[in-house]
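Below is one structure, written out as C-alpha cells, with a few remarks after it.
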Amino acid sequence: MVFSFIVPTRLQRATQRVLHRLFHTRNGLFAGLHIALEAAVYGEYAWEVFGYCQELEFNTGFLLLPYLLLAVNTGAFVLCALTNPGTITESNQELYLRVYAHDGVMFRKGVMCRTCHMEKPARSKHCSVCNCCVHRFDHHCVWVNNCIGAFNMRYFLIYLFTLTAMAADIAIITVAFLIQVVLLSNLMYGSYVDEQGQEHEVEIPFLIQHLFLIFPRIVFMLGFVIVLSLVLGAYCCFTLYLALTNQTSNEWYKWRRYKCPHCQAQQPHDKHTAYRNAYSKGVWINIKEIIKPPTVSERKKKP
Ligand SMILES: [Zn+2]
Ligand SMILES: [Zn+2]
C-alpha cells in the first residue's frame with residue numbers, strides 16, 4: 001500500500017524533473033532530434049529516390065536542389081544557434097533602452113525584470129530558458145536551442161523558409177517519381193479482385209496501398225514530408241506576416257491577451273487607448289530592420 005503510494009509520487013516528480021529539464025533549460029535534445037529526422041529523410045532520398053529518379057532520367061539540377069537547400073539550411077541553422085540573439089546585460093542595458101521607444105500599451109517605461117533586476121527595454125522579454133532578457137524577443141526555439149531575437153531573426157527566417165522548401169521539394173520529387181512509376185507500369189488501366197471476388201477498377205487508395213507495398217520507406221517518408229510541408233508552410237505564412245508588419249511572436253501573443261487597464265476590454269480601443277503598432281514603418285523598412293537590425297552603436301551616434 002505504502003509502496004504503491006510512494007512510486008507514483010516519485011514517478012510524478014521524476015517526470016516533472018525530466019519535463020522541466022527538456023522544456024525549461026537549454027539542452028540539445030530537440031536540435032539532435034531535428035538533425036536525426038533530417039538525416040533519415042535525406043538518407044532515404046539519397047539511398048533510393050535519387051537513384052530511381054536518375055534511372056528515369058529526371059533532370060539532375062531538379063534532383064540536386066534538395067542538397068543545395070540543405071547546405072543553405074545547415075548554414076542558417078548554425079548561425080541561428082550560435083549568434084547572440086541580443087542578450088541584455090548590465091553593461092549594454094542603457095543602450096538597448098534607446099533602440100525602441102516604449103509604446104505605453106504593450107511596453108511601459110520603468111518596468112523592471114524581476115529576475116535580472118534591470119529595467120526592461122521596449123520589445124524585450126525575459127527568457128526563462130536562457131535566464132536572461134533578450135532584445136526584440138521573438139520566442140525561444142527548442143529546435144535551434146537558442147532564443148530568437150533581434151540579431152538572429154534573419155537567420156531564423158532563412159532557416160525556416162529553406163526547411164519548408166526542403167520538405168516541399170522532396171515531396172514534389174517523390175510524387176513525380178511515383179507518378180512516373182504508375183504511368184510506366186500502366187497500373188491505372190488495370191483492375192483488381194477484392195476478397196468477395198468482385199472486380200474493381202484501380203483507384204487512388206488502391207494505388208497508394210500498392211505503392212506502399214513496393215516502396216514502403218519512400219511512401220512513409222513522403223507522408224512525413226507532406227505533413228511537414230503543410231505545418232511548416234502555415235508557420236512560414238504566420239512568420240512572414242509578423243515580419244512584414246514588424247511584430248514579434250511575443251507581441252502578437254501579448255496583443256491577443258491584452259486587457260484594457262481601464263475597462264478590461266479585450267482589445268485596446270479608441271476610448272481609452274488608441275493603439276497602433278508603433279514599430280511598423282511600412283513593409284520595406286520592416287524587412288530591412290530584420291536584415292539589418294538597428295544597433296545600439298548606430299543609435300548612440302544620433303544626438
Ligand atoms: Zn530578465
Ligand atoms: Zn531563450
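Order of appearance sets the numbers: ligands from 1, and atoms from 1 within every ligand. All values reported here derive from a predicted model rather than from experimental measurement. All heavy atoms count here, side chains included; hydrogens, waters and symmetry mates do not.
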If you count heavy atoms of other groups shown closer than 6.0 angstrom to OH of Tyr235, is the number above 12?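 Counting other residues, nucleotides and ligands, OH of Tyr235 exceeds 12 neighbours.
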Check: Gln247 and Met106 side chains under 4.5 Å, non-hydrogen atoms: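 Contact flag for Met106/Gln247 side chains = no.
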Could you check whether any side-chain heavy atom of Asn286 comes within less than 4.5 Å of a side-chain heavy atom of Leu244, counting everything from C-beta outward?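 They are not in contact (no side-chain heavy atoms under 4.5 Å apart), so the answer is no.
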Looking at His140, pick out the N, O or S atom nearest to the Zn ion (ligand 2) and give its name.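 In His140, the heteroatom (N, O or S) nearest the Zn ion (ligand 2) is ND1.
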For the atoms SG of Cys116 and SG of Cys113, give the angle they form at the Zn ion (ligand 1), rounded to 10 degrees.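 If I round to 10°, I get 110°.
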Flag His126 as yes if one of its N/O/S atoms falls below 2.8 Å of the Zn ion (ligand 1), otherwise no.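 Within the cut-off used here (under 2.8 Å), His126 does place an N, O or S atom near the Zn ion (ligand 1).
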Quick check on the Zn ion (ligand 1): does Cys127 put an N/O/S atom closer than 2.8 Å to it?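 No - counting backbone and side chain alike, Cys127 has no N, O or S atom under 2.8 Å.
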Near-ring test His139/Tyr253, centroid separation under 6.0 angstrom: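 Here the rings of His139 and Tyr253 have centres that are no less than 6.0 Å from each other.
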